[in-house]
2 protein chains.
Amino acid sequence: MTAKQSIRVLLAEDQTMLRGALAALLELEHDIEVVAQAADGREAQRLEREHHPDIVVTDIEMPQMTGLEFASHLKDSGSQARVIILTTFARPGYLRRALDAGAHGYLLKDRPASELAEAIRRVHSGLRAVDPALAAEAWAADADPLSDRERQILQRAGDGRSSADIATELHLSEGTVRNYLSEAIAKLGAANRTDAARIARTRGWL
Amino acid sequence: MTAKQSIRVLLAEDQTMLRGALAALLELEHDIEVVAQAADGREAQRLEREHHPDIVVTDIEMPQMTGLEFASHLKDSGSQARVIILTTFARPGYLRRALDAGAHGYLLKDRPASELAEAIRRVHSGLRAVDPALAAEAWAADADPLSDRERQILQRAGDGRSSADIATELHLSEGTVRNYLSEAIAKLGAANRTDAARIARTRGWL
DNA sequence: GCTACCAGATGACAAATGTCATAACCGATT
DNA sequence: AATCGGTTATGACATTTGTCATCTGGTAGC
């Protein structure tokens with residue numbers, strides 16, 4: 001029997017009520033301790049450096065920085081923390097990017113709350129915790145054809161920003177922005193930038 | 001046994017993890033008892049008739065039947081249950097419709113979990129529980145400025161369809177479609193059609 | 001009747017968007 | 001050394017989008 005050491009968890013989720021409820025629930029587990037809670041990606045990054053948790057549980061769609069970017073930065077920084085992605089979206093593209101970003105778990109918010117504690121224990125013991133149905137679907141799905149730049153620009157275009165506007169923000173020429181959008185439209189078989197953004201979103205590439 | 005009678009609650013929310021976590025959290029309150037849980041509107045309706053709860057806590061966007069429709073039917077059926085709407089969306093249009101449907105509470109998922117128990121007690125004691133910031137916004141909020149045609153066309157434009165495409169579908173000339181879009185863009189203070197669609201969506205006008 | 005106000009259309013124009021060819025630079029792979 | 005993919009840039013061009021003034025036919029109100 002090992003000494004009773006709690007698993008130290010950082011919880012990053014922008015919806016306050018869900019975050020609070022999950023934290024309270026995890027605290028009921030005697031072998032799990034929620035050491036910090038973050039409402040956005042940047043705060044999560046700061047708190048990880050401060051608390052050095054064993055496990056990070058993070059949503060994908062958050063303000064400031066997505067959970068996927070956060071996971072990616074964590075990997076690059078050589079952090080010990082293992083990441084579990086917790087999201088609404090059963091999009092194969094998200095799962096693939098999550099695994100590329102070094103995530104050890106991928107759990108859907110559609111699953112029972114009890115599975116979260118279970119996944120935390122699995123990942124802490126060195127195993128993976130990926131939704132089996134989703135893993136199968138991800139195998140059949142085609143890969144994300146977009147480069148980082150294309151994705152970054154398509155995101156902004158999908159929000160209704162003009163080419164000139166995006167160019168200024170990213171310190172690019174307007175022509176370059178148009179080139180990237182033209183490429184993305186062609187790759188996705190879309191009719192225009194708005195259509196391309198819509199397609200990319202439904203596939204989990206944005 | 002204490003003299004106090006528990007408040008009997010029905011919880012309707014389609015996201016399993018949030019539903020489970022909230023139920024667990026409410027069970028910790030000694031004066032609240034979750035007597036049933038529903039994953040969609042129709043199930044909620046069935047369980048309400050079966051358990052006769054004091055309070056119904058319901059999401060808006062659910063399969064089968066929305067929380068607003070559910071609340072409306074409850075009112076018509078002469079049920080004793082009082083309704084608290086629990087939703088992600090701070091859309092004035094939703095709040096207004098919720099109050100029209102006879103809801104006694106309107107709470108955002110962005111608020112701390114502790115407020116839910118508090119709201120349940122308030123509503124059970126005959127008071128209302130409406131997010132104050134949202135109530136103010138709803139009062140100040142201007143009405144939907146879009147005509148039916150404008151909304152119809154803006155919907156399609158927001159999905160990435162071209163003016164010519166939309167014109168064909170609606171049996172209009174392309175110029176007319178562009179005129180309507182121009183009007184909508186001006187009314188919403190948007191930069192272009194995509195921006196206009198985004199704005200209209202966030203306001204609940206689309 | 002007259003009037004006002006729709007929805008829809010037209011034409012003209014400016015601005016934004018999409019396409020394509022071409023070219024330079026860089027780092028990684030072969 | 002040669003090649004490839006990703007990034008950035010420019011210029012030219014066609015198409016689409018956004019704006020505005022103006023026109024028509026219908027319908028509802030006085």
Side-chain angles (χ1 to χ4, degrees), chain A residues 66 68-69 72-73 75-76 93 96-97 100-102 142-201 203-206, chain B residues 143-203 205-206:
Chain A
T66 72
L68 294 176
E69 291 170 324
S72 201
H73 288 159
K75 193 175 75 164
D76 294 346
R96 187 162 309 196
R97 275 202 283 159
D100 284 349
D142 25 35
D144 181 352
L146 300 176
S147 72
D148 286 344
R149 255 314 192 216
E150 286 161 357
R151 189 178 6 266
Q152 196 182 23
I153 289 173
L154 191 54
Q155 267 168 5
R156 286 161 176 76
D159 274 350
R161 316 265 304 276
S162 71
S163 302
D165 198 0
I166 297 171
T168 305
E169 186 194 342
L170 301 181
H171 308 292
L172 295 173
S173 86
E174 189 187 327
T176 302
V177 171
R178 296 223 301 280
N179 285 341
Y180 279 123
L181 282 171
S182 185
E183 257 302 296
I185 290 166
K187 281 181 177 176
L188 298 176
N192 53 52
R193 50 178 70 196
T194 308
D195 195 25
R198 190 185 53 75
I199 291 172
R201 268 193 217 104
R203 299 256 231 280
W205 295 337
L206 217 78
Chain B
D144 182 349
L146 300 175
S147 72
D148 286 344
R149 258 308 194 220
E150 285 161 357
R151 188 177 6 268
Q152 196 180 23
I153 289 173
L154 191 53
Q155 267 167 7
R156 287 161 175 75
D159 274 350
R161 316 266 304 273
S162 71
S163 302
D165 196 2
I166 297 170
T168 304
E169 186 194 342
L170 301 181
H171 307 291
L172 295 173
S173 86
E174 189 188 326
T176 302
V177 170
R178 297 224 301 280
N179 286 341
Y180 279 122
L181 281 171
S182 185
E183 257 303 296
I185 290 166
K187 281 181 177 176
L188 299 176
N192 53 53
R193 51 179 69 194
T194 308
D195 195 26
R198 191 185 53 75
I199 290 172
R201 271 194 216 104
T202 61
R203 299 256 230 281
W205 295 337
L206 240 162

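We name chains A, B, ... by the order of the sequence lines, and we start the count at 1 in each one.
A salt bridge links A/Asp148 with A/Arg151: the distance from a Lys NZ or Arg NE/NH1/NH2 to an Asp or Glu carboxylate oxygen falls below 4.0 Å. No salt bridge links A/Arg97 with A/Asp100; every basic N to acidic carboxylate O contact stays at or beyond 4.0 Å. A salt bridge between A/Asp195 and A/Arg198 is present, with a side-chain N of the basic residue lying under 4.0 Å from a carboxylate O of the acidic one.
For the pair B/Glu174 CD and D/dT19 P, the computed distance is 15 Å after rounding to whole Å. Here the C1' atom of nucleotide D/dT10 and the OH atom of A/Tyr180 are 14 Å apart, to the nearest Å. Distance B/Ile185 CD1 to D/dT16 C1': 12 Å, rounded to the nearest Å. With rounding to whole Å, B/Glu183 atom CD is found 11 Å from C/dC6 atom P. The NE2-P distance, from A/His171 to D/dA9, rounds to 11 Å in whole Å. Following rounding to the nearest Å, B/Ile153 (CD1) and C/dA9 (P) show an atom-to-atom distance of 10 Å.
The rotation axes computed at either terminus of the helix from C/dG1-D/dC30 to C/dT30-D/dA1 lie 30° apart, taking five pairs at each end and rounding to 10 degrees.
Taking 4.0 angstrom as the limit, B/Thr176 places a side-chain polar atom (N or O) nearer than this to OP1 or OP2 of C/dA9. Within the 4.0 Å cut-off from OP1 or OP2 of C/dA7, not a single side-chain nitrogen or oxygen of B/Ser147 is found. Neither OP1 nor OP2 of C/dA16 sits under 4.0 Å from any side-chain N or O of A/Arg178. Side-chain nitrogen and oxygen atoms of B/Arg193 include at least one within less than 4.0 Å of the OP1 or OP2 phosphate oxygen of D/dG18. Between B/Ser163 and D/dT16 there is no side-chain N or O to OP1 or OP2 distance below 4.0 Å.
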Pair A/Gln152-A/Leu170, side-chain contact (heavy atoms from CB on, under 4.5 Å): steps then yes or no: CA-CA 9 Å; A/Gln152 196 182 23; A/Leu170 301 181; 4.0 Å; yes

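A donor N or O paired with an acceptor N or O is not found under 3.5 Å between the base of D/dT7 and the side-chain atoms of A/Asn179.
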